[in-house]
*Asks:* 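Here you go, one structure.
Each chain gets a letter, A, B and so on, in the order the sequences are listed, and its residues count up from 1.
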There are 4 protein chains.
Amino acid sequence: MIPKPTTKEQAVPRKGAAELAERKRPTQDERRAAILAAALDVFAENGFAAARLDDVAQKAGVAKGTLYLYFPDKQALFEALLQGLVSPVLQRIEALSADAALPASAILDGILTLFQTEIIGTNRERILRLIISEGPRFPKIAEFYHREVISKGREIIRTIAARGYERGELRSDAMAKFPQLFFAPLLTAVVWRSLFSRFDPLDVNAMIECHRKLMLGQKDEESPK
Amino acid sequence: MIPKPTTKEQAVPRKGAAELAERKRPTQDERRAAILAAALDVFAENGFAAARLDDVAQKAGVAKGTLYLYFPDKQALFEALLQGLVSPVLQRIEALSADAALPASAILDGILTLFQTEIIGTNRERILRLIISEGPRFPKIAEFYHREVISKGREIIRTIAARGYERGELRSDAMAKFPQLFFAPLLTAVVWRSLFSRFDPLDVNAMIECHRKLMLGQKDEESPK
Amino acid sequence: MIPKPTTKEQAVPRKGAAELAERKRPTQDERRAAILAAALDVFAENGFAAARLDDVAQKAGVAKGTLYLYFPDKQALFEALLQGLVSPVLQRIEALSADAALPASAILDGILTLFQTEIIGTNRERILRLIISEGPRFPKIAEFYHREVISKGREIIRTIAARGYERGELRSDAMAKFPQLFFAPLLTAVVWRSLFSRFDPLDVNAMIECHRKLMLGQKDEESPK
Amino acid sequence: MIPKPTTKEQAVPRKGAAELAERKRPTQDERRAAILAAALDVFAENGFAAARLDDVAQKAGVAKGTLYLYFPDKQALFEALLQGLVSPVLQRIEALSADAALPASAILDGILTLFQTEIIGTNRERILRLIISEGPRFPKIAEFYHREVISKGREIIRTIAARGYERGELRSDAMAKFPQLFFAPLLTAVVWRSLFSRFDPLDVNAMIECHRKLMLGQKDEESPK
DNA sequence: TATGAATGAGCCTTCATTCAT
DNA sequence: GATGAATGAAGGCTCATTCAT
């Protein structure tokens, strides 16, 4: 269970230890990551209140006390978990939206694709679920997420939608007014999957494709894909 | 706080109790209702795991043991709560949709209005929140809700959307394929309100109006409101 | 360990229950008293920090959770314990000292006798030990004890000593200035007993007799006892 | 706070470390002393059970593991602490009492003065407090202290008091029989200060002066101060 | 020798559930 | 039926001690 030291590539330490694929003692970063990964599993499965730190420790392969070397308490661990995995996707969205020369539909397509590939089915989806479920009881999390993700995402969509509407690419300025309408089906997909996918799976890609058409106001013939 | 059994000197005790202005001993149905109402408060505020039956009992004005006379355990109380408040709205939706002569837009409008008046701001919204949050850990609830509400609602929207598309009222058959797209903004509204309304309130009605336009594929001029 | 409800051979249940020596279900007062008695044992033996509530519960014959029905937490239990056993002795001292006609020596003798019979060897001595040991970490306790016992006792001694000095019964007004000098040997007896009595027992009565002589300034011949 | 080992560029490191004004790497004795000093702080403030070795290590400027290089465990550290600071004062008392030519009152005065200057307000007072508080749970300490200090001090007082009584310097042989009576006010001063000095400070010197008069059986006129 | 991260037994406290009244 | 005191299993957190470096 506990990795043996493996003082590796030293000149001649401890025999042939180096070439072994053996477990080395994890660095603090690795341990922290292991704890967070375990915490995601346990919190996602049970919710905050019902999650047991015993389980987190066991999954992370550390002693219970070790958790407290990395996080002051259960709530801090939870909050750290929810604040640790957000940015990269948003940055890619920002990058996408920066090119004003692109047609709105292309940018929105790109964002939808990112959602399909980088969120659905990944840990980020589980984080999202946790934020939806537990956010109301963790104002700090809700505010953080609103500030770091929601408000930025909203601005991006608002800009794109407004520009697309002015250019005549979009039939309506609805999304410029309420960018939430752009994200609503994505949120719905996440919620659906968490609730019903066991017995009524959702074809997320197909639904998003329909959403795209609706959003762009295309008539059905117009859509390729 | 709670009416003592009134051990007093009533010449004709307990007979015409109803017409007495004094607090009468609650009937079982009233007690059950009080417990469920209290449970909604407590579960909605804390989630299932963190909710304390002590609080439920106190809010309901009964002793803790009394809860167990009405529900076998905490989970049963929770499940009873989530299965008790769904039907009436759905029935009204079914009624609305039954009139095939109505234009699709009118029916959808009606449904949206029902949502705005009968869900948002009511206990039903809190139930919905609970289902979203806790559903994944209560398969029974998720299945029940899917069977009783989701699948029916989906069928209704599918029918209306298909009919509207055939009649040319809708520019796209997206919603016929994925009725979730119709409900997505409503779900989003509920989630938003639970997470962000404290510091970033959402104008649900305005958003729904935008959703309506987008859905119907109207150009902006076409919408009166 | 836990008194069984005694569903026994009562022909006419519940009637003649009183005269049976059988264990009846303890009243709340009895339970509270049992908890406090157990707490005294456990705290006296281990000190506050090292005392285990498990042991208290076991000694009191109740479940661990029951403690929390009577006291909000460990500290409250401890404080309740230390504030529960003081008054009667002080009242008797006050009664003794009220009679100004008595010679000072008689009153002081009476107080010393009370100490020997009502404190030494009783639970009050253990309480005293706890106050001495733990008081510095429980300001509330120290203040309470100072207010309720120390300051009153000091006033009493001061009055008696001053009066005795004026009357020529006492050779010195030392005790009128520092009544602590009257109590010092008593405190010392308690401390000695807690530390050394195992291997060097102290004849408290004899020491107190010597203290009396010293205090009264008698030459040795004068005191028979 | 604590001297970092000073890993700097010393041309001639570690040789004439003593005469360098800079902080040198502490010797083992210094480290031991630092640990004991820190332990006194921490144990005095919290008592044995509630004291944290973390705090001791931090105050001593060493790592927690280092404590275990110097003391096998917490209890051994505590015991070492309580056995380390006693002797010098006792030796001075012994020296004082050795001169049989001195009048008893002079020797007793000397001892009282030593107490006032060498105990009250110093670390020795804190040690004394710890012995009083924790002694009952540390028989080894109590026995050590009894053997090394108490019994010796008692013998000294007994000798002086007996001699003084024979010579007619003391009106009573009370203290010859119970030397505890001599120390009682000193003990009382220590206990009082630990419990009440925050809100009811004690003038220790004045009290001891009164004690002296009482002890010597002087009438008030006789003592100047 | 010194470090401090890691361990895990132990303890206070909570709360769903029971049951005597 | 209704009560609420009592129960005791469970979980968050602490901290003395260990051990790889």
*Asks:* What is the distance from OH of A:Tyr68 to C1' of F:dC13, rounded to the nearest Å?
*Replies:* 5 Å
*Asks:* If you take atom types as modelled and just measure distance, does the side chain of C:Lys64 reach the base of F:dT7 with a donor-acceptor pair under 3.5 Å?
*Replies:*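 Looking at the base of F:dT7, it does not pair with any donor or acceptor on the side chain of C:Lys64 (distance under 3.5 Å).
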*Asks:* Let me know, please, whether A:Gln75 or D:Ala51 comes out on the 5' side of the other along DNA chain F by nearest nucleotide.
*Replies:*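 It is A:Gln75 whose nearest nucleotide is closer to the 5' end.
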*Asks:* Side-chain N or O of D:Arg52 versus OP1/OP2 of F:dT17: is the shortest distance under 4.0 Å?
*Replies:* no
*Asks:* In whole angstroms, how far is the P atom of E:dG4 from the CD atom of D:Gln58?
*Replies:* 11 Å
*Asks:* Nearest whole Å is fine: how far is F:dA16 P from D:Phe43 CZ?
*Replies:*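 Rounding to the nearest Å, CZ of D:Phe43 and P of F:dA16 are 8 Å apart.
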*Asks:* Nearest to the C:Val62 side chain among F:dT7, F:dT17, F:dC13, which nucleotide is it?
*Replies:*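 Nearest listed nucleotide: F:dT7.
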*Asks:* Decide yes or no for C:Arg52 and C:Val42: does some side-chain heavy atom of the first lie under 4.5 Å from some side-chain heavy atom of the second?
*Replies:* no
*Asks:* Choosing from E:dC12, E:dT17, F:dA5, which nucleotide comes nearest the side chain of B:Leu53?
*Replies:*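 Of E:dC12, E:dT17, F:dA5, E:dT17 is nearest to the side chain of B:Leu53.
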*Asks:* Report yes or no: does C:Lys59 contribute a side-chain atom to a donor-acceptor pair with the main-chain N or O of C:Leu40 at less than 3.5 Å?
*Replies:*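 Flag not set: sc C:Lys59 to bb C:Leu40 has no pair under 3.5 Å.
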*Asks:* Would you sort out whether B:Glu79 and B:Gln75 count as a side chain to side chain donor-acceptor pair (under 3.5 Å), showing the intermediate values?
*Replies:* CA-CA 6 Å; B:Glu79 291 175 353; B:Gln75 178 159 343; 3.0 Å; yes
*Asks:* Does E:dC19 have a Watson-Crick or wobble mate here (both distances under 3.5 Å), and if so which one?
*Replies:* F:dG4
*Asks:* Are any non-hydrogen side-chain atoms of C:Leu77 and C:Leu53 less than 4.5 angstrom apart?
*Replies:* yes
*Asks:* Atom CZ of A:Phe78 and atom C1' of F:dC13: how far apart are they, to the nearest Å?
*Replies:* 19 Å
*Asks:* With side-chain contact (heavy atoms from CB on, under 4.5 Å) as the criterion, how do C:Asp41 and C:Asp55 come out once you've worked through the C-alpha distance, each side chain's angles and the decisive distance to 0.1 Å?
*Replies:* CA-CA 9 Å; C:Asp41 282 355; C:Asp55 290 346; over 6 Å; no
*Asks:* Heavy-atom nearest nucleotide on DNA chain E for C:Lys74 versus A:Tyr70: which residue maps closer to 5'?
*Replies:*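 With C:Lys74 and A:Tyr70 compared, the 5'-side residue is A:Tyr70.
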*Asks:* Counting only side-chain heavy atoms from C-beta out, which of E:dT7, F:dT3, F:dA6 sits nearest to C:Arg31?
*Replies:* F:dA6
*Asks:* Let's test this: given Watson-Crick or G-U wobble pairing with both distances under 3.5 Å, identify the partner of E:dT14.
*Replies:* F:dA9
*Asks:* Return the value, rounded to whole Å, for the distance between atom CD of C:Glu30 and atom P of F:dA5.
*Replies:* 16 Å
*Asks:* Here's a test of your reading of the structure: between D:Thr66 and A:Leu67, which maps to the more 5' nucleotide of DNA chain E?
*Replies:* D:Thr66
*Asks:* Could you state the atom-to-atom distance from CG of D:Asn46 to P of F:dA16 in whole Å?
*Replies:*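 Going from CG in D:Asn46 over to P in F:dA16 covers 11 Å.
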*Asks:* Name the residue closer to the 5' end of DNA chain F, choosing between B:Ala63 and D:Asp54 according to the nucleotide with the nearest heavy atom.
*Replies:*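 Its nucleotide being nearer the 5' end, the pick is B:Ala63.
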*Asks:* What contact category does B:Leu69 fall into here, base, sugar-phosphate, or nothing, at under 4.0 angstrom with non-hydrogen atoms?
*Replies:*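 Answer is base: heavy atoms of B:Leu69 come under 4.0 Å of a base.
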*Asks:* May I ask you to say what B:Phe71 touches in the nucleic acid, namely base, sugar-phosphate or nothing, with a heavy-atom cut-off under 4.0 Å?
*Replies:* nothing
*Asks:* In whole angstrom, what separates A:Leu77's CG from F:dG11's P?
*Replies:*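 Going from A:Leu77 (CG) to F:dG11 (P), I get 16 Å.
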*Asks:* What integer distance in Å separates D:Asp29:CG from E:dT1:C1'?
*Replies:* 15 Å
*Asks:* What class does the angle between the rings of B:Phe43 and B:Phe78 fall in, given that below 30° is parallel, 30 to 60° is tilted and above 60° is perpendicular?
*Replies:* perpendicular
